[in-house]
Amino acid sequence: MAFGDNQIDGYTEGEEPLVFHYQKGDFRQYEPEKYRNIATGEDAPARGFFKVLVASKGNRMLFITMMMCFVLMLVMSIFSARSNVDTVGGVTCELMAFSFQDNVYASLKMKKFRNEQSSDGYRNLSVAFSLFDEGGNIVAEYETVCSFDMASKEEQFIRTTFTDYEARSASCIITCNDDSRTIKCSVEHR
């Protein structure tokens, strides 16, 4: 391939092409040991996910830190209770509330607790909803009584609507026989 009239492959007519010679002799003995080990393959990088994680001191520290964070998150998720879910008389209740346009919609989802032995009969639940404003004052209340079928595996709902858009949180007091629990949640604004 000629680039000009007097050039062949990028070299002028009288010029020798540049040639690289690779010496396979004793030049490796003058290299630092670190580079010699890499070139000869003695210091090959570790292969495999776990071996790479513990290959160097920095990697080990990072791996230990990740494991400690994972264990901490696991312990926190196991021992932290959600304030909007509780079990009353073998019935698990979950409170949800959201505001849409000028109304606040509150919903109590009830289902049978997974370890409850009794699977027949009904549970009479007394439910009292309360809405709170930013100052913690009650702005609206609603009370009802419902029967929960313990034989059914389906979820049951109690839903109500409030006309106060300024509510910031909702609370529900659920009573079954002598057992009473209070669950709370914040009102989502949609």
Side-chain angles (χ1 to χ4, degrees), residues 48-54 58-190:
F49 182 71
F50 187 73
K51 288 181 182 178
V52 169
L53 284 176
V54 295
N59 288 359
R60 283 189 293 274
M61 294 298 290
L62 184 63
F63 180 67
I64 290 170
T65 305
M66 285 181 8
M67 287 290 108
M68 287 180 7
C69 289
F70 176 73
V71 168
L72 180 67
M73 287 182 353
L74 186 65
V75 167
M76 294 282 292
S77 67
I78 289 173
F79 291 114
S80 66
R82 297 188 313 176
S83 64
N84 69 329
V85 178
D86 208 344
T87 302
V88 180
V91 179
T92 301
C93 301
E94 179 179 0
L95 177 65
M96 297 167 280
F98 68 92
S99 62
F100 182 70
Q101 294 178 349
D102 287 335
N103 294 323
V104 175
Y105 300 91
S107 175
L108 182 69
K109 179 170 71 170
M110 300 174 294
K111 61 183 176 181
K112 182 177 157 183
F113 188 62
R114 63 180 172 268
N115 293 335
E116 184 64 27
Q117 299 297 327
S118 172
S119 63
D120 57 340
Y122 288 87
R123 299 289 161 98
N124 292 323
L125 300 173
S126 173
V127 179
F129 290 96
S130 301
L131 283 184
F132 299 93
D133 62 3
E134 289 181 5
N137 303 319
I138 296 176
V139 293
E141 290 182 314
Y142 173 76
E143 291 186 27
T144 187
V145 176
C146 72
S147 256
F148 182 79
D149 183 11
M150 293 300 287
S152 174
K153 293 185 179 181
E154 295 181 12
E155 299 172 342
Q156 293 179 0
F157 292 90
I158 298 176
R159 295 185 173 104
T160 187
T161 304
F162 300 100
T163 57
D164 190 350
Y165 185 73
E166 297 299 320
R168 296 292 176 225
S169 64
S171 173
C172 187
I173 300 171
I174 307 155
T175 307
C176 178
N177 299 331
D178 293 333
D179 192 12
S180 180
R181 302 290 168 96
T182 302
I183 54 178
K184 299 178 182 180
C185 74
S186 61
V187 176
E188 296 178 27
H189 293 280
R190 295 183 180 175

| query | Do Ile138 and Phe132 have side-chain heavy atoms sitting under 4.5 Å apart? | reply | yes

| How many angstroms lie between CG in Leu95 and OG in Ser107, if you round to the nearest 0.5 Å? | 8.0 Å

| How long is the gap from NZ on Lys184 to OG on Ser171, to the nearest 0.5 Å? | 5.5 Å

| request: State whether a side-chain donor-acceptor pair under 3.5 Å links Ser147 with Asn124. | output: yes

| field | Closest non-hydrogen atom pair between Ala167 and Val187, with its separation | value | O-CB, 3.9 Å

| said: Using side-chain contact (heavy atoms from CB on, under 4.5 Å), reason through Lys109 and Arg159 one step at a time and then give a plain yes or no. | reply: CA-CA 9 Å; Lys109 179 170 71 170; Arg159 295 185 173 104; over 6 Å; no

| field | Partner of Cys146 by side-chain contact (heavy atoms from CB on, under 4.5 Å), out of Arg123, Met110, Gln156 | value | Met110

| message | Please evaluate residues Thr160 and Phe162 with respect to the criterion side-chain contact (heavy atoms from CB on, under 4.5 Å), reporting the C-alpha separation (whole Å), side-chain torsions for both, the decisive distance (0.1 Å), and the verdict. | response | CA-CA 7 Å; Thr160 187; Phe162 300 100; 3.6 Å; yes

| task | State, to 0.1 Å, how close Gly89 and Cys176 come at their nearest heavy-atom pair, and which atoms those are. | result | CA-SG, 4.2 Å

| Can you tell me if CG on Asn177 sees more than 12 non-hydrogen neighbours from other groups inside 6.0 Å? | no

| message | Rounded at 0.5 Å granularity, tell me how far NZ in Lys112 sits from OG1 in Thr87. | response | 13.0 Å

| said: Using side-chain contact (heavy atoms from CB on, under 4.5 Å), reason through Leu108 and Ile174 one step at a time and then give a plain yes or no. | reply: CA-CA 10 Å; Leu108 182 69; Ile174 307 155; 4.0 Å; yes

| request: Output yes when a side-chain donor or acceptor of Asp86 lies under 3.5 Å from a complementary backbone atom of Thr182, and no otherwise. | output: no

| task | Measure the spacing between CD of Glu143 and SG of Cys172 and express it to the nearest 0.5 Å. | result | 10.0 Å

| query | What pair of heavy atoms forms the shortest contact from Val85 to Glu94, and how long is it? | reply | CG2-CG, 3.7 Å

| field | Atom NZ of Lys111 with >12 non-hydrogen neighbours under 6.0 angstrom | value | no

| Is any side-chain heavy atom of Phe129 less than 4.5 Å from a side-chain heavy atom of Leu131? | no

| query | Got a sec: does the CD of Glu155 have more than 12 other heavy atoms crowding it under 6.0 Å? | reply | yes

| Mind checking whether Met66 and Phe70 have side chains closer than 4.5 Å, heavy atoms only? | no

| note | So CE of Met96 and CD1 of Ile183: to nearest 0.5 Å the spacing works out to 9.5 Å

| remark: Smallest heavy-atom separation, Cys185 atom then Ala97 atom, equals SG-N, 3.8 Å

